[in-house]
Amino acid sequence: MKRLAMIFLLLPLAMAGCKREVSLVPADRVYTVEEYLAQPELRKKVSAVCSNDPGRTGQDANCINVQRADRVASAGSSSGMPRIAP
């Protein structure tokens with residue numbers, strides 16, 4: 001009986017350690033695309049968090065905005081490259 005009671009007491013403690021939280025930088029606010037474009041270091045940090053676990057963070061507003069900002073920031077980067085014809 002004591003063994004069964006001990007299991008029921010320790011089980012919630014063991015399960016509490018299994019939950020993993022994903023926190024974006026900062027988690028309390030949603031940044032706009034323009035704010036990510038103005039702050040490249042923040043964009044890089046949030047983009048790394050979002051791309052590390054896209055299944056869990058794919059629908060997060062910060063992840064969507066940082067992906068759009070990445071696309072806008074890289075839109076003109078290939079203009080100096082030669083055209084590749086098939």
Side-chain angles (χ1 to χ4, degrees):
M1 187 69 167
K2 285 184 180 182
R3 184 177 283 166
L4 186 61
M6 184 70 91
I7 290 173
F8 283 117
L9 288 175
L10 293 178
L11 187 62
L13 293 174
M15 299 272 304
C18 295
K19 188 175 180 182
R20 193 181 101 197
E21 293 290 325
V22 174
S23 63
L24 298 178
V25 182
D28 61 335
R29 156 164 197 229
V30 176
Y31 282 90
T32 64
V33 174
E34 291 80 20
E35 289 174 317
Y36 281 124
L37 288 171
Q39 301 177 36
E41 288 301 315
L42 177 65
R43 185 175 77 230
K44 183 179 176 183
K45 194 181 293 186
V46 174
S47 183
V49 171
C50 294
S51 63
N52 190 35
D53 193 1
R56 184 174 276 175
T57 61
Q59 297 300 317
D60 185 82
N62 274 318
C63 290
I64 292 169
N65 287 347
V66 82
Q67 287 174 350
R68 289 180 183 168
D70 282 341
R71 276 190 234 123
V72 169
S74 66
S77 64
S78 63
S79 63
M81 302 294 286
R83 183 168 180 234
I84 300 174

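All heavy atoms count here, side chains included; hydrogens, waters and symmetry mates do not.
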**Request:** To the nearest 0.5 angstrom, please state how far the OG atom of S47 sits from the CD atom of Q67.
**Result:** 7.5 Å
**Asked** Can you tell me how far CD of E34 sits from CD of Q39, rounded to the nearest 0.5 angstrom?
**Response** 12.0 Å
**Request:** Look at the side chain of N62 and the backbone N and O of Y31, then say whether any donor-acceptor pair between them is shorter than 3.5 Å.
**Result:** yes
**Fill in**
For C50 and T57, the nearest pair of non-hydrogen atoms, with its separation, is O-OG1, 3.2 Å
**Item:** Heavy-atom pair with the smallest gap, counting every atom of L37 and A69
**Value:** CD2-O, 3.4 Å
**Shared hydrophobic cluster, L42 / V66 (ILVMFWY, side-chain heavy atoms < 4.5 Å)** = yes
**Item:** No-hydrogen, no-angle side-chain donor-acceptor test under 3.5 Å, D70 and Y36
**Value:** no
**Item:** Pair T32, N65: side-chain N/O donor-acceptor within cut-off below 3.5 Å
**Value:** no
**Message:** List the residues meeting salt bridge (Lys or Arg N to Asp or Glu O under 4.0 Å) with E35, not counting sequence neighbours, and say none if there are none.
**Reply:** R29
